[in-house]
Structures are given as structure tokens and as C-alpha cells.
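Reading through the C-alpha cells given below for one structure.
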Amino acid sequence: MFDKKAVFQVIGCLINQPSLLDTYLLSIDDFDGEDFHQIIFGCIYNLYNQGVNVIDCFAIDTFISNYEKQYKIFTDNNGIDYVNDAASMCEPQNFDYNFNRLKKMSLLRYYESQGFDTRGIYDPTVVDPDEQELQRKKFDSYTIDQIIDCVEIAFVGTPKAKFQVTASSGQLAGVGLKDLIEKFRKTPEMGFPMQSKFMNFLLRGARKKTFYLRSGATGSGKSRLSFADTCCAAIPWIYDLEKKEWKYTGFSVPSLIISTELDIEEVQSIILAFVSGVEEGHIIDNDYREGEYERVQQASDYIMSAPLYIEFLPNFDMDDVEGMIKRYYREKNVLLVNFDYLQTSIKLMMQMATLSKGVRLREDQVLFMFSDCLKTCATKMKVHVDSGTQLNGEYKDAKEKDQSILRGQRYGPVTPYPSYQRGVIFWMMLTGKPGIEKVKVIPCHI
């Protein structure tokens with residue numbers, strides 16, 4: 001399962017333009033068909049990583065000659081002629097095609113080495129010319145992700161559907177109802193604290209197995225409000241500006257902030273400002289008022305001792321975010337996650353294009369699917385997740401402030417964001433400064 005023509009073209013292009021290695025992920029395993037090709041690729045790879053930008057047959061011959069066994073294989077296969085032919089006969093405009101074919105073959109070899117039968121995708125034993133042509137066209141039409149999907153369906157999805165028994169969870173509505181009443185009497189369902197007394201009253205705090213989504217215009221303070229809510233649950237001491245004293249919250253919940261735009265230092269300065277009650281500008285400009293520097297130092301001690309984690313994830317898809325939440329839940333026992341914030345990225349759009357089989361999705365549809373993913377994470381892992389979205393340019397003039405003013409809803413029909421049992425999705429538009437109890441809720445689904 002090795003396409004020598006594709007290998008020939010890829011090697012030729014790499015010789016002429018070794019900087020392709022910066023963009024295209026290739027490894028020695030991708031050339032695991034013959035030792036000869038692995039030796040040439042390994043030579044190109046090592047020369048380029050040692051700073052050699054002009055790679056020709058002389059440079060390759062000189063490098064390989066230092067290794068007796070490899071050099072014999074190279075010379076026995078007329079390596080110099082091969083390298084010269086590859087460099088002169090390659091077609092750079094077809095590099096993507098040959099690269100993808102090379103990687104697909106490498107993927108099939110990997111599956112075969114793991115014991116998977118991949119003949120349904122590509123069968124190298126076919127001898128009939130017509131069948132070979134049909135199979136070649138079919139294989140060329142596959143992307144790497146589609147091949148992976150085919151294998152998962154065959155070896156994961158089909159056995160699940162055929163053998164996995166899903167137990168019924170249905171019952172009479174009244175079964176266990178008395179116990180439920182007593183449970184709520186002893187421990188009323190309340191979530192982790194949020195900075196807003198109004199939101200604590202309205203939503204009963206940041207409850208487990210729920211997903212909260214707030215929206216606001218650019219610069220309205222969505223991130224700061226979300227970070228403040230996370231701090232209330234994760235950091236046990238926060239400075240009370242009204243009473244001029246440190247307030248003990250009683251909470252130290254393992255929490256995670258996933259930032260997509262602000263780097264870690266920018267998130268840290270926002271958190272430090274909220275916990276200490278010192279304006280962020282005073283901190284980053286070193287322009288402290290009396291007693292502020294000491295408060296900031298004390299706040300940093302409280303933050304450092306709290307189970308609050310920060311991840312910077314500028315380019316992501318749903319699998320990246322879900323995997324990160326699962327990892328922190330498993331390794332750090334995180335119960336509250338703040339994802340800042342729902343937006344499209346290049347990687348996410350590529351994933352959506354694959355999932356939709358090339359059907360073009362509007363931005364609001366993409367964000368709908370992403371919010372569904374976050375809600376599923378919250379429900380499965382019994383954690384609280386909150387996030388935010390932007391409002392579009394029409395929110396100021398809109399008479400009915402509903403989901404149609406969310407970013408991505410400017411054109412086309414409205415696709416409502418989901419409302420789930422035990423899930424909360426709400427939209428906020430600030431009418432005052434961040435942190436002040438002046439919010440307008442539009443609308444609220446509980």
C-alpha cells in the first residue's frame with residue numbers, strides 16, 4: 001500500500017522547496033514502503049532542520065555518505081539519479097494532491113498495522129483495470145477525515161448499534177417523588193455563587209449540569225463579568241469595596257477559564273483587578289493609590305492558592321474544547337468552566353465543513369452546534385459551563401430584543417439557540433459599567 005509516484009513527486013517538491021516542511025506535517029512513517037525513500041526523506045528533513053536551505057544531490061549524497069548502511073542502499077538504488085529526476089520532473093502545482101495521497105496511504109498502513117481491514121476503502125489486490133480505475137477515483141475523493149470516519153463507523157459505530165444494549169430509564173412520574181421533596185428540603189438546589197445578586201436570585205447560582213450563555217456588544221464587558229463569576233466560585237477571599245474589607249466567600253471550587261482572544265497575562269490582570277478591587281489600569285500602569293499595592297499583593301496570594309486554571313486556545317474546534325474540559329475534569333476535578341467566548345475559528349469552520357459534507361453553514365448555525373456541544377459537556381460531566389456571544393450591529397435599534405440580534409443572525413432566517421432541561425441560556429445587554437447591578441435580561445429560558 002505505497003504510491004511510488006506520489007512519493008516521487010513529494011520528494012522532488014521538498015528538494016526544490018524544503019520550507020514546505022514548515023507547513024505540511026510529514027514524518028518518516030509516511031514513507032514506510034521502502035528503506036530507500038525513508039533514507040532520502042530523512043536526509044532532506046535533517047538537512048533543512050540544520051539550516052540548509054539549498055538541498056541538491058551533492059548535499060544529499062554528502063550527508064548520507066556518513067552512514068555506511070544507508071549509503072549502500074542509496075547507491076544500490078541509483079540515488080543520485082533518482083534525486084535529480086525527482087527535482088527536475090516534479091510538478092509543484094500538484095503537491096497538495098500528492099501530499100494528501102501519500103498521507104492517506106500512510107493512514108491505511110497504520111490501520112492495517114493495528115489489525116483493521118481497510119480493503120473497503122482501498123484494495124491493492126484488485127487486478128481488473130476497470131475496477132482499479134473506479135477504486136482509484138473513489139479513493140481520491142476521500143479526505144483523511146472521511147477515511148477516519150469510515151473506520152470509526154465500521155469498527156465502533158456498527159458494533160455499538162448491533163450489540164450495545166441501552167437500558168430503559170422510564171418510570172411512573174410519581175415514583176420517588178416523596179424522596180425528591182425531602183431531598184430539596186434538606187439540600188435546596190443551589191449552584192456556585194455569581195457576582196450579581198440579581199443573577200444569583202434569578203438562576204439560583206451557577207448550577208451543575210447547566211450551560212449559561214450571555215451576549216453583549218463588543219466592549220460591553222462580557223469577559224470581565226464571566227471571569228468575575230468564576231472568581232466568586234474559585235477564590236475564597238474577595239475585597240469588598242463598599243465595606244473596605246476582605247470578604248470570605250467560603251467557596252474554593254476547582255475552575256477553568258478557556259480564553260480564545262485574551263492571552264494568559266491579560267486574563268490574570270483582569271482577575272487580579274476584580275479580586276483586589278483595584279482598577280486594572282492602576283495595576284498595569286503601576287499607578288497605585290494609597291493601600292492598593294498591598295491589596296494587590298494580598299489578592300495575588302489568594303489567587304495563587306486557589307484551584308483556578310487558565311488555558312489560552314486561540315484556534316480551536318469542538319473536539320479541542322471538549323477534550324480540554326474532559327481532561328481538566330478528570331485530572332483537576334474541575335466543576336466550573338468558563339469558555340470565553342463562542343466564535344468561529346478557522347479550525348472550527350474546517351470541522352463544520354467536514355461534518356456538513358461540504359454544505360455551507362451560516363455563522364449562527366455553527367454557533368448553535370457549538371453551544372450544543374458545551375451543553376452536552378455540562379450535562380455528561382455534571383459541571384457548570386458558561387460562555388458568551390457577540391450581538392450584531394442591529395441590537396440598538398431592534399424593537400424585539402430576541403435571538404435575532406445575536407451575531408450571525410443579521411442575514412437569513414433565525415435559528416434559535418437551544419433551551420434544555422436543567423440548562424439555562426440567557427442573553428444580557430449591559431446598560432451600565434461592568435460590575436454595576438444594571439442589566440437587562442432579553443429573554444430568559446429556564
Side-chain angles (χ1 to χ4, degrees), residues 1-14 20-21 23-42 45 73 77 82 86 94-167 317-320 322-323 326-327 330 347-348 350-359 369 373 376 380:
M1 211 172 296
F2 191 77
D3 191 329
K4 291 186 178 181
K5 292 181 180 179
V7 171
F8 180 81
Q9 288 291 324
V10 169
I11 286 177
C13 290
L14 292 178
L20 289 169
L21 290 169
T23 307
Y24 295 86
L25 181 63
L26 286 165
S27 71
I28 200 75
D29 293 332
D30 295 325
F31 298 83
D32 187 17
E34 295 180 359
D35 291 339
F36 173 64
H37 297 101
Q38 287 188 313
I39 290 169
I40 294 178
F41 171 75
Y45 182 88
I73 295 173
N77 286 273
Y82 181 90
N94 294 334
F95 180 78
D96 281 340
Y97 168 79
N98 289 297
F99 168 80
N100 285 317
R101 189 168 179 82
L102 176 69
K103 294 294 288 188
K104 287 189 287 186
M105 289 290 186
S106 179
L107 178 61
L108 292 185
R109 290 197 301 275
Y110 166 77
Y111 279 135
E112 289 288 340
S113 70
Q114 300 301 310
F116 296 124
D117 184 359
T118 61
R119 286 176 297 178
I121 300 170
Y122 182 82
D123 187 356
T125 63
V126 172
V127 295
D128 182 83
D130 292 333
E131 288 188 20
Q132 284 181 341
E133 181 66 20
L134 290 173
Q135 183 173 252
R136 184 176 182 277
K137 289 181 179 179
K138 179 183 176 182
F139 184 67
D140 286 342
S141 69
Y142 280 125
T143 65
I144 289 177
D145 286 338
Q146 287 172 336
I147 292 175
I148 294 173
D149 287 342
C150 287
V151 173
E152 287 183 350
I153 291 171
F155 295 98
V156 179
T158 301
K160 276 188 175 182
K162 192 172 182 180
F163 300 105
Q164 194 175 59
V165 178
T166 303
D317 60 21
M318 292 190 296
D319 293 335
D320 294 329
E322 183 178 1
K326 286 181 178 178
R327 177 164 59 87
R330 182 176 63 251
K347 195 172 182 181
L348 178 62
M350 291 175 63
Q351 182 187 37
M352 291 301 175
T354 301
L355 292 175
S356 64
K357 306 299 183 184
V359 176
M369 296 173 68
C373 171
T376 301
K380 283 185 176 180

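All values below were derived from every heavy atom in this structure, side-chain atoms included, with hydrogens, water molecules and symmetry-related copies excluded.
- Taking CE from M105 and CZ from R109, the interatomic distance works out to 8.5 Å, rounded to the nearest 0.5 Å.
- Considering only heavy atoms from C-beta on, L102 comes within 4.5 Å of L26 through its side chain.
- Residues L20 and F95 meet the side-chain proximity criterion, which asks for heavy atoms closer than 4.5 Å.
- When side chains are defined from C-beta on, K104 does not count as touching Q146, because their heavy atoms never get closer than 4.5 Å.
- Interatomic distance, OG1 of T125 versus CD of Q132, reported as 9.5 Å (0.5 Å rounding).
- At a threshold of 4.5 Å between non-hydrogen side-chain atoms, the residues Y122 and Q135 count as touching.
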| field | side-chain contact (heavy atoms from CB on, under 4.5 Å) between I40 and Y82, intermediate numbers included | value | CA-CA 10 Å; I40 294 178; Y82 181 90; 3.6 Å; yes

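- Atom CD of Q9 and atom CZ of R101 lie 12.5 Å apart (nearest 0.5 Å).
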| query | Checking side-chain contact (heavy atoms from CB on, under 4.5 Å) for the pair V10/F31: CA distance, chi angles, key distance, verdict? | reply | CA-CA 10 Å; V10 169; F31 298 83; 4.2 Å; yes

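- Within a 6.0 Å radius of CZ in R327, other residues, nucleotides and ligands contribute more than 12 heavy atoms.
- Atom OG in S106 sits 12.5 Å away from atom CG in D3 (nearest 0.5 Å).
- In this structure the side chain of I148 reaches within 4.5 angstrom of the side chain of L107, judged on heavy atoms.
- Put simply, the side chain of Y111 does not reach to within 4.5 Å of the side chain of I121, judged on heavy atoms.
- Looking at heavy atoms from C-beta onward, L14 lies out of side-chain contact with Y45 at the 4.5 angstrom threshold.
- Side chains of D29 and Y110: a donor-acceptor N/O pair is absent below 3.5 angstrom, by distance only.
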| message | Quick one, F41 with L21, criterion side-chain contact (heavy atoms from CB on, under 4.5 Å). Give me CA distance, side-chain angles, the key distance, then yes/no. | response | CA-CA 11 Å; F41 171 75; L21 290 169; 4.0 Å; yes

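- Distance check, rounded to the nearest 0.5 Å: OG of S27 to CD of Q38 gives 9.0 Å.
- Using a 4.5 Å heavy-atom threshold, the side chains of K4 and F8 count as separate.
- Scanning all heavy atoms of the two residues, the minimum distance from G120 to K138 falls at O-NZ, 3.3 Å.
- Taking each heavy atom of K103 and D30 in turn, the nearest pair found is NZ-OD2, 3.1 Å.
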